[in-house]
Amino acid sequence: MLSKAIGCTIVESLILTFLGVWDEPVDRGDMKFSSQPSFAEIKQKLLDIFSVPAYMARENGVHMDELAEHLKVQVVKVKESLATLEEEGTVYPTIDNYHYKYFGE
């Protein structure tokens, strides 16, 4: 099951599915991506993920690889979006430059 493979619980994957952040991937060779969202859509979906209580409770934040897997986009797109969100003061890096947390409640 994909949720176990990327380290989230079934409940977390259901919440992400409900929020529209986790959908069925389209097989494109060795990479699986759903239709590629715009930069603004990626930023909003990242905020949706960060606002899930299970992710907010993670002391070390969420790794950008995990975020990319949830969104079915390339890590570089997540990294660019996180950099913008960090500049806006919405998220911050925690234990390294790969784990991020939301400044929200």
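Keep in mind that the numbers below use all heavy atoms, side chains included, and drop hydrogens, waters and symmetry copies. This structure is a prediction, so every number in the text was calculated from the model and none was measured. We count residues from 1, following the sequence as given.
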Check: residues 76-86 side-chain donor-acceptor pairs under 3.5 Å, at least two apart:
| residue | atom | partner | partner atom | Å |
| --- | --- | --- | --- | --- |
| Ser81 | OG | Lys77 | O | 3.0 |
| Thr84 | OG1 | Glu80 | O | 3.2 |

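- The CD atom of Glu41 sits 11.5 Å away from atom CG of Asp48, with the distance rounded to the nearest 0.5 Å.
- Residues passing the side chain to side chain contact (heavy atoms under 4.5 Å, CB included) test with Asn97, sequence neighbours excluded: Pro93.
- For Phe50, the ring-ring contact (aromatic ring centres under 6.0 Å, His included) criterion is met by no residue, not counting sequence neighbours.
- Partner Tyr102 forms a side chain to side chain contact (heavy atoms under 4.5 Å, CB included) with one of Ile49, Leu47, Val62 and no other, that one being Leu47.
- When every heavy atom of Gly61 is checked against every heavy atom of Thr94, the shortest pair comes out as N-OG1, 4.2 Å.
- Checked against ring-ring contact (aromatic ring centres under 6.0 Å, His included), Tyr92 has the following partners two or more places apart in sequence or in another chain: Phe103.
- The minimum heavy-atom distance linking Glu59 with Lys101 is given by the pair O-CD, 3.7 Å.
- Separating the CG atom in Leu46 from the CE atom in Met64 is a distance of 10.0 Å, to the nearest 0.5 Å.
- Between atom NE2 of residue His63 and atom CD of residue Glu69 there is a gap of 13.0 Å, rounded to the nearest 0.5 Å.
- In terms of the side chain to side chain donor-acceptor pair (under 3.5 Å) criterion, residue partners of His99 (sequence neighbours excluded) are, by chain and number, Asp96.
- For the salt bridge (Lys or Arg N to Asp or Glu O under 4.0 Å) test, residues two or more places apart in sequence or in another chain that qualify with Lys43 are Glu88.
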